[in-house]
Each structure stands twice: as C-alpha cells, then as structure tokens.
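So the structure is just underneath, and the comments pick up after that.
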2 protein chains.
Amino acid sequence: MQELLNVFKALSDETRLRILKIAEKGEICVCDLVSVLDMSQPKISFHLNTLKEAGLLKDRKQGKWVHYSINDSDMFRRFLVLSVLEKIPGEAVKKNLARLRTVMNIKNKNRCCEK
Amino acid sequence: MQELLNVFKALSDETRLRILKIAEKGEICVCDLVSVLDMSQPKISFHLNTLKEAGLLKDRKQGKWVHYSINDSDMFRRFLVLSVLEKIPGEAVKKNLARLRTVMNIKNKNRCCEK
DNA sequence: GTAACATATAAACATCTTTTGATTTGTTTG
DNA sequence: CAAACAAATCAAAAGATGTTTATATGTTAC
C-alpha cells in the first residue's frame, strides 16, 4: 500500500508536476531544470529524488551531470503520468516550457551539461 | 492545477484509500464507516470531507444520517479511483472488508442509519 | 419542547513535508 | 593535485496536514 501512496504523494506537488511536464519533452539534467524552473538546486534535487523514489523518474549519471527522464518501465505509472500531464492546464506551465525551449537552444555558451 | 493537485493529495492517505475501497462496495453512512474502520468520528469526517472536496466522493443527506458514495460524474476521477483501488493489495484491506460485511449483515440491533 | 443521536466544526496539538543555507561528495579540467 | 563545477545531503526553520478532545448543529423521537 505504501508504494501506491508514494506515487500519489509524488504527484501531489506543483513543482513535481512541472518537472514531469518538462521531462515529458525529453531527458533533462539537474542544472537545466534549475534554470528552467528558476528554483534552488537543493530544492530541485529534493523533488527529483521524491519522483525517483516513487518510480516516476529514472536517472542516468554522465560525468559531472545527472540526467533525469520519465521512467516508462511500469505501465501503471506510465499511464498515470500520461493522463495527469494531459490534465495540467497549458497556461500553468507555458512559461516553463518557453524557458525550456530557450535553454535547449543555447548550445554554446551558458549551457551546462554539454561538453 | 490546484484542482488536479487536490485529487492526488486526497489519494495520498491510507485512511482515505480504505474509505474509497469500502465505498466501492456501495453507499455507506458515516456511523458505519466509523465502525468498519474503528476510528474516531471526527477523523472519519475529516477524511470524508477531503475526498468530497477533491470530487472523489459525493454525499446524500437523509434524516440524521449522511451517506457517502463514489462520485462517478467525472470520467478522469472515476477512472483514477477504479485503477487505484485495483492496485491496493487485498491483504491490506481484508479486515476492513470483512468488518464491512459483518456490519452490513446486522440489520436489526446495533445498526445505525436504519429506521 | 427536551432528550438522544449523527455528523460537522473548531482549537490545540502532533506529525509530516517542504524549503533554505551550509556543507559534502564526486567529477572534470588544467 | 588544486580549482571549478554539478549534484546530493544535512540540519534547522517554515509550512502543511492529520489527530484529538470538546463543542456546535441539525434531526428525530418522545
């Protein structure tokens, strides 16, 4: 039962829904998330860990960086996340997604997790 | 976004999942829930209100009693609840469901919400 | 009307979760 | 190896949620 509760707890936070919405667009590293969401790094790390513990995100370490992405190994979670993200009003995450596009386009300077 | 968050917050509590599991079997009044879950009445009322506010339960007043049941007017919530209840390990709610059967069978004495 | 009952609400308290600021760990680069 | 950086962790503070005890509200039965 606790495992199921952890999934819902993970989904009951606005910041975490934003993270999922961003991760839906593709794998993202912590430093980019900090920049896209404009929140402190420990705060982002805390929420990423919560999502990971709930089995909703998975991580991939590469050098200094850690990349997070939607964990699609479990059908129930995958489906939940899909239907949840569908339900988030576009207006609510508009700015985050715009910022994501901007950050992704800066391939040269200012860009973290890019060799 | 808040409305969506409230649905997940409502689903992130063990007592509330138990209540939903019981309500799946049919409409139930507060006094019976208190007896089935063996918890204080204000505690049950608190959780019922949380579920109602999240749009997962609806209530029906009848005389002294208030009967709660799954609110199936919204597809997203209905589907969520269905798949969630499916996921709860039977072992976890076995005793509650047994107690529910007992309580439902006592139609004569000790039974509240029965004229 | 008053007594008995079912439920809701409120205030005080306990517990859990999130945020912050400081620090640590681990990796890369020169 | 030292400096620079990314991310995680930690302890303390702040905030939110759940629980308890006592009380209020509304209904029924006498």
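These numbers come from a predicted model, not from an experiment. Just so it is clear, the values below take in all heavy atoms, side chains as well, and ignore hydrogens, waters and symmetry mates. Quick note on labels: first sequence line is chain A, next is B, and so on, each numbered from 1.
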### Query
Does the side chain of B/Tyr68 get closer than 4.0 angstrom to OP1 or OP2 of C/dA6 through an N or O atom?
no
### Message
Can you tell me which nucleotide in C/dT18, C/dA10, D/dG18 comes closest to the side chain of A/Arg16?
### Response
C/dT18
### Message
Can you identify which nucleotide, out of D/dT19, C/dT7, C/dT20, has its nearest atom closest to the B/Phe46 side chain?
### Response
D/dT19
### Task
Give a yes or no on this: more than 12 heavy atoms of other residues, nucleotides or ligands lie within 6.0 Å of atom CD of A/Glu27.
yes
### Query
Where the side chain of A/Lys9 is defined as all heavy atoms beyond and including C-beta, which of C/dT20, C/dT17, C/dC5 is the nearest nucleotide?
C/dT17
### Task
For B/Ile44 and D/dG18, give me the distance from atom CD1 to atom P, rounded to whole Å.
13 Å
### Query
Nearest of C/dT18, D/dA7, C/dT27 to any side-chain atom of A/Lys64?
C/dT27
#### Entry: Nearest-angstrom distance from the residue atom NZ of A/Lys43 to C1' of D/dA13
15 Å
### Message
Side chain of B/Pro42 only, heavy atoms from C-beta on: which candidate in C/dT18, C/dT20, D/dA22 is closest?
### Response
D/dA22
### Query
Just how far, in rounded Å, is P of D/dT17 from CD of B/Glu14?
19 Å
### Query
Counting any heavy atom closer than 4.0 Å, what does A/Lys61 reach on the DNA or RNA strands: base, sugar-phosphate only, or nothing?
nothing
#### Entry: B/Lys9 and B/Glu53 ion-paired at < 4.0 Å
no
### Task
Report the distance from atom CZ of B/Arg60 to atom C1' of C/dA6, rounded to the nearest whole Å.
15 Å
### Non-hydrogen side-chain atoms of A/Leu11 and A/Leu56 separated by less than 4.5 Å
yes
### Query
Which residue lies toward the 5' end of DNA chain C, A/Thr50 or A/Gly63, if each is placed at its nearest nucleotide?
A/Thr50
### Query
Any donor-acceptor pair under 3.5 Å joining the side chain of B/Gln41 to the base of C/dA6?
no
### Backbone N/O of B/Ile70 and side chain of B/Arg77: donor-acceptor pair under 3.5 Å
no
#### Entry: Whole angstrom value for the distance that separates C1' of D/dG18 from CG of B/Leu51
14 Å
### Query
Side-chain N or O of B/His47 less than 4.0 angstrom from OP1 or OP2 on D/dT17?
no
### Between P of C/dT7 and CG of B/Leu37, the distance in whole Å
13 Å
### Student check: side-chain heavy atoms of A/Arg99 and A/Leu37 closer than 4.5 Å
no
#### Entry: Distance, rounded to the nearest Å, where A/Lys52 contributes NZ and D/dA8 contributes P
8 Å
### Query
Roughly how many Å is it from CG in A/Asp13 to P in D/dG15, rounded to a whole number?
16 Å
